[in-house]
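When a ligand or atom number is given, it counts from 1 through the structure's own listing order. Atom set for the values below is all heavy atoms of this structure, side chains included, hydrogens, waters and symmetry mates excluded.
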Amino acid sequence: GSVEAPAPRVGVVVFVLKGKSVLLGRRRATICNSDFALPGGHLEFGESFEACAAREVKEETGLDIDNIEVLKVTNNLFHEGAKPSHYIMILLRAVLANPNQLPQNLEPDKCDGWDWYEWDSLPTPLFWPLEKLLQDGFHPFLNV
Ligand code: 8DG
Ligand code: MG
Ligand code: MG
């Protein structure tokens with residue numbers, strides 16, 4: 001309830017890779033509204049990272065993913081909005097189970113729509129946890 005102390009939560013986000021491109025959508029949210037972000041969401045009790053990744057991608061885009069792997073963990077503090085939030089972000093990558101499948105905007109209240117963006121020309125503004133990774137030289141394609 002509202003009297004509980006704030007606690008970190010676990011966000012599971014996925015680079016869905018297609019050739020040299022990744023799937024991004026503009027957020028509709030209180031935190032970083034209209035920034036480009038990855039599909040993903042909150043880890044549920046008892047869930048594996050891979051199962052959460054597959055579930056969130058399916059719920060948000062309708063896409064089925066395969067070869068799901070954890071890439072990186074980051075610790076993110078958000079000071080925007082009325083109350084601060086703290087997310088442990090688990091970053092995974094995956095490929096499409098069926099390369100012909102198209103993304104659908106299944107949660108239009110949370111996202112303006114999904115599209116593929118080439119890694120060398122990513123859209124801006126990127127959600128800052130992603131922007132920070134880029135500045136650190138991170139990329140999700142090695143040894144796909
Ligand atoms: P859910 O109810 O479906 O579980 O949650 P959601 O509504 O889909 O949550 P979300 O905001 O998409 O993701 C949860 C948190 O994960 C988000 O508030 C902050 C953190 N997060 C990052 N980076 C990214 C990112 O690139 N994409 C997404 N979607 N979330 C991210 O730190
Ligand atoms: Mg979600
Ligand atoms: Mg989400």
Only heavy atoms of [X], strictly under 4.0 Å: list the atoms of ligand 1 that pass.
X	value
Gly11	16 (O)
Leu130	26 (O)
Ala37	26 (O), 27 (N)

What residue and atom, counting heavy atoms only, is the protein's closest point to [atom], and at what distance?
atom	answer
atom 27 (N) of ligand 1	Leu38 O, 3.0 Å
atom 5 (O) of ligand 1	His42 ND1, 2.9 Å
atom 7 (O) of ligand 1	Lys110 NZ, 2.8 Å
atom 8 (O) of ligand 1	Glu60 OE2, 2.8 Å
atom 13 (O) of ligand 1	Gly41 CA, 3.6 Å
atom 11 (O) of ligand 1	Arg27 NH1, 3.4 Å

Can you measure from [atom1] ([X]) to [atom2] ([Y]) and round to the nearest 0.5 angstrom?
X	Y	atom1	atom2	value
Leu43	Ile90	CG	CD1	7.5 Å
Ser85	Glu80	OG	CD	7.5 Å
Asp115	Leu24	CG	CG	9.0 Å
Arg55	Ser48	CZ	OG	10.0 Å

Can you tell which part of [X] has a heavy atom less than 4.0 Å from ligand 1: side chain, backbone, both or neither?
X	result
Thr74	neither
Arg9	neither
Met89	side chain

**Item:** Of the listed options Asn76, Val13, Thr30, closest to atom 32 (O) of ligand 1 (non-hydrogen atoms)
**Value:** Asn76
**Request:** Could you pull out, from Phe127, Tyr87, Phe15, the option with a heavy atom nearest to atom 21 (N) of ligand 1?
**Result:** Phe127
**Item:** Salt-bridge criterion met for Lys20 and Glu118 (N-O under 4.0 Å)
**Value:** no
**Message:** Taking Arg28 first and then Glu107, would you say they form a salt bridge - that is, a charged N and a carboxylate O separated by under 4.0 Å?
**Reply:** no
**Prompt:** Has Ile31 got any heavy atom lying under 4.0 angstrom from an atom of ligand 1?
**Reply:** no
**Request:** Please confirm whether Arg27 makes a cation-pi placement over Phe36, using NZ or CZ under 6.0 Å from the six-membered ring centre and within 45° of the ring normal.
**Result:** no
**Request:** Look at the N, O or S atoms of Glu56, main chain and side chain alike, and state whether any lies under 2.8 Å from the Mg ion (ligand 2).
**Result:** yes
If you measure every N/O of [X] against every N/O of ligand 1, is any gap under 3.5 Å?
X	result
Glu59	no
Gly40	yes
Pro129	no
Glu56	yes

**Prompt:** Does the side chain of Met89 come within less than 4.5 Å of Val73's, by heavy atoms?
**Reply:** no
**Request:** Would you indicate whether the side-chain heavy atoms of Trp114 and Leu63 approach each other to under 4.5 Å?
**Result:** no
**Item:** Heavy-atom neighbours of Tyr117 OH exceed 12 at 6.0 Å
**Value:** yes
**Request:** Count the heavy atoms of every other residue, nucleotide or ligand shown that sit under 6.0 Å from NZ of Lys72, and state whether that count exceeds 12.
**Result:** no
**Item:** Metal site the Mg ion (ligand 3): N/O/S of Val13 inside 2.8 Å
**Value:** no
**Request:** Indicate the atoms forming the closest heavy-atom contact of Leu106 with Gly62, along with that distance.
**Result:** CD1-N, 3.4 Å
**Asked** Passes salt bridge (Lys or Arg N to Asp or Glu O under 4.0 Å), Asp64 versus Lys58? Steps please.
**Response** CA-CA 6 Å; Asp64 297 302; Lys58 185 74 178 174; 3.0 Å; yes
**Atom of Glu60 closest to the Mg ion (ligand 3), considering N, O or S atoms** = OE2
